[in-house]
Colleague: 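Once you've had a glance at the structure underneath, I'll fire off some questions.
The analysis underlying the following values was restricted to heavy atoms, covering all of them including side chains, and did not include hydrogens, waters or symmetry mates. Small disclaimer: the values here were computed from a predicted structure and weren't measured.
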Amino acid sequence: MAGSLVKPGLIAAVPGALLAAVFGAVAILRHGKPLHPEGRVGAGHLTLDPGGRSGCPLLDEPGDLDCLVRASYAMGTGPEAPDIEGFALRLLPEGQLEAPADVLFASTGSGRVGRFILRLRRPRHHGVQTTLLPVQASGRPLLLRLLPRSGGAGWPADYDLAWAHGTGAWQRCGRLSVDWVGGTDEPLRFDPIANQLPGTEEYRWVRWLREPAYLSARLLSPQAGTLRAGRSRAGAGS
């Protein structure tokens, strides 16, 4: 009986609380956002050209969506030093999408195991980013991947979007183009729990892992996303 109480969500609540404490402490020390403190915002356009069925209705039908994106470095040391890339994607309401949908990516590998492991990137190098934690779509774990179509020191302006079920093969489903021209940082918040992709839901253990940290960061850094004076890196590949 007691053993049945040890559920994935209960286990995830412990590291979730620890993350909340850590993020809160970092937010106080930095007087701002604990992770991804500085970034660059751009306007994006996603063209969906799906192959296969992901289980997410939005990804399984051809279409075009305007987007808002923010690229950043997790620890705030990039692009001058190795750091974890971050990419926040907001799909804006249009057509069958009735409300904004947020998707968060981070630099990882792309293999069956590597897609679940964060990866440091060398200064001014960019590569694969995945959603790291799955959402549930039609009863199956769904991951998304962004793959730059070109290189260069600055943030890429062209990506392939793909999905996979758990450790399965990646299926390309669209192309994301980003206009970084004139982009600076803005006090934006992206929340994949509050703004979920339609037809998907968070696993309980993922929600219990994320929510305490999100709440802590928001309470202690209400102006998250705002660049500190004199620290803009908009023209430096950030």
Colleague: State, to 0.1 Å, how close Pro50 and Leu59 come at their nearest heavy-atom pair, and which atoms those are.
Modeller: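 Shortest heavy-atom separation between Pro50 and Leu59 comes out as CB-O, 3.1 Å.
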Colleague: Backbone N or O of Asp191 within a donor-acceptor pair of the Asp102 side chain at under 3.5 Å?
Modeller: yes
Colleague: Nearest heavy-atom pair of Leu146 and Phe87: which atoms, and what distance?
Modeller: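 Smallest interatomic distance, heavy atoms only, reads CD1-CD2, 3.5 Å.
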Colleague: Rounded to the nearest 0.5 Å, how far does CD of Glu61 lie from SG of Cys56?
Modeller: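 Those atoms lie 10.5 Å apart.
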Colleague: Could you tell me which non-hydrogen atom of Leu104 sits nearest to which non-hydrogen atom of Pro192, and how far apart they are?
Modeller: CD1-CD, 3.7 Å
Colleague: Measuring from atom CZ of Phe105 to atom OG1 of Thr130, what distance do you get when rounded to the nearest 0.5 angstrom?
Modeller: 8.5 Å
Colleague: Side-chain contact test, heavy atoms from C-beta onward, threshold under 4.5 Å: evaluate it for Leu91 versus Cys67 and give yes or no.
Modeller: yes
Colleague: Could you list who else is in Trp170's hydrophobic cluster, with ILVMFWY side chains joined at under 4.5 Å, directly or through other members?
Modeller: Phe116, Leu143
Colleague: Of the non-hydrogen atoms in Asp185 and Gly39, which two are nearest, and what is the gap between them?
Modeller: OD2-N, 3.1 Å
Colleague: Indicate yes or no for a side-chain donor-acceptor contact from Arg40 to the backbone of Trp180 under 3.5 Å, with no hydrogens or angles considered.
Modeller: yes
Colleague: Measure the shortest side-chain to side-chain distance between His45 and Asp64 over non-hydrogen atoms and say whether it is less than 4.5 angstrom.
Modeller: yes
Colleague: Is the shortest side-chain heavy-atom distance between Val41 and Thr184 below 4.5 Å?
Modeller: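 Heavy-atom side-chain distance check fails, nothing below 4.5 Å.
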Colleague: Compare every heavy atom of His125 with every heavy atom of Pro123, then report the nearest pair and how far apart it is.
Modeller: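 Answer, listing the atom of Pro123 first, then His125: O-ND1, 3.0 Å.
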Colleague: Measure across Gly127 and Pro148 and return the closest heavy-atom pair with its distance rounded to 0.1 Å.
Modeller: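 Taking every non-hydrogen atom into account, O-CD, 3.4 Å.
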Colleague: Decide yes or no for Leu46 and Leu161: does some side-chain heavy atom of the first lie under 4.5 Å from some side-chain heavy atom of the second?
Modeller: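 Yes; the side chains approach each other to less than 4.5 Å.
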Colleague: Just by distance, do the side chain of Asp60 and the backbone of Ser54 share a donor-acceptor pair under 3.5 Å?
Modeller: yes
Colleague: Any link between Val103 and Val128 through a network of hydrophobic side chains (Ile, Leu, Val, Met, Phe, Trp, Tyr) touching at under 4.5 Å?
Modeller: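 No, because Val103 and Val128 fall into different hydrophobic clusters, even though each may have its own neighbours under 4.5 Å.
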Colleague: Please round to the nearest 0.5 Å and tell me the distance separating atom OG of Ser107 and atom CG of Leu132.
Modeller: 9.5 Å
Colleague: Rounded at 0.5 Å granularity, tell me how far CZ in Arg115 sits from CZ in Arg145.
Modeller: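 The CZ atom of Arg115 sits 8.0 Å away from the CZ atom of Arg145.
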Colleague: Are any of the side-chain heavy atoms of Trp205 and Leu133 separated by less than 4.5 Å?
Modeller: yes
Colleague: Just wondering, are more than 12 heavy atoms of other shown residues or ligands nearer than 6.0 Å to CZ in Arg122?
Modeller: no
Colleague: Please report the interatomic distance CD(Gln136) to CZ(Arg204), rounded to the nearest 0.5 Å.
Modeller: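 The distance works out to 11.0 Å.
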Colleague: Are any side-chain N or O atoms of Asp160 and backbone N or O atoms of Leu147, one a donor and one an acceptor, separated by less than 3.5 Å?
Modeller: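 No; zero donor-acceptor contacts below 3.5 Å.
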Colleague: Going through the checks in order, is the side-chain contact (heavy atoms from CB on, under 4.5 Å) test met by His165 and Leu142?
Modeller: CA-CA 5 Å; His165 287 139; Leu142 178 69; 4.1 Å; yes
Colleague: Would you confirm whether Thr131, through its side chain, and Leu144, through its main-chain N or O, come within 3.5 Å as a donor-acceptor pair?
Modeller: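 Yes; at least one donor-acceptor contact below 3.5 Å.
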Colleague: Going by the rule side-chain hydrogen bond (donor to acceptor under 3.5 Å, both in side chains), which residues pair with Arg121 if we only count those two or more places apart in sequence or in a different chain?
Modeller: Glu85
Colleague: Please check: side-chain N/O of Arg90 versus main-chain N/O of Arg189, any donor-acceptor pairing under 3.5 Å?
Modeller: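 Such a contact is found between Arg90 side chain and Arg189 backbone.
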Colleague: Could you work out, with side-chain hydrogen bond (donor to acceptor under 3.5 Å, both in side chains) as the rule, every residue matching Arg119, not counting sequence neighbours?
Modeller: none
Colleague: Taking atom CZ of Arg175 and atom CG of Asp158, what is their separation to the nearest 0.5 Å?
Modeller: 4.0 Å
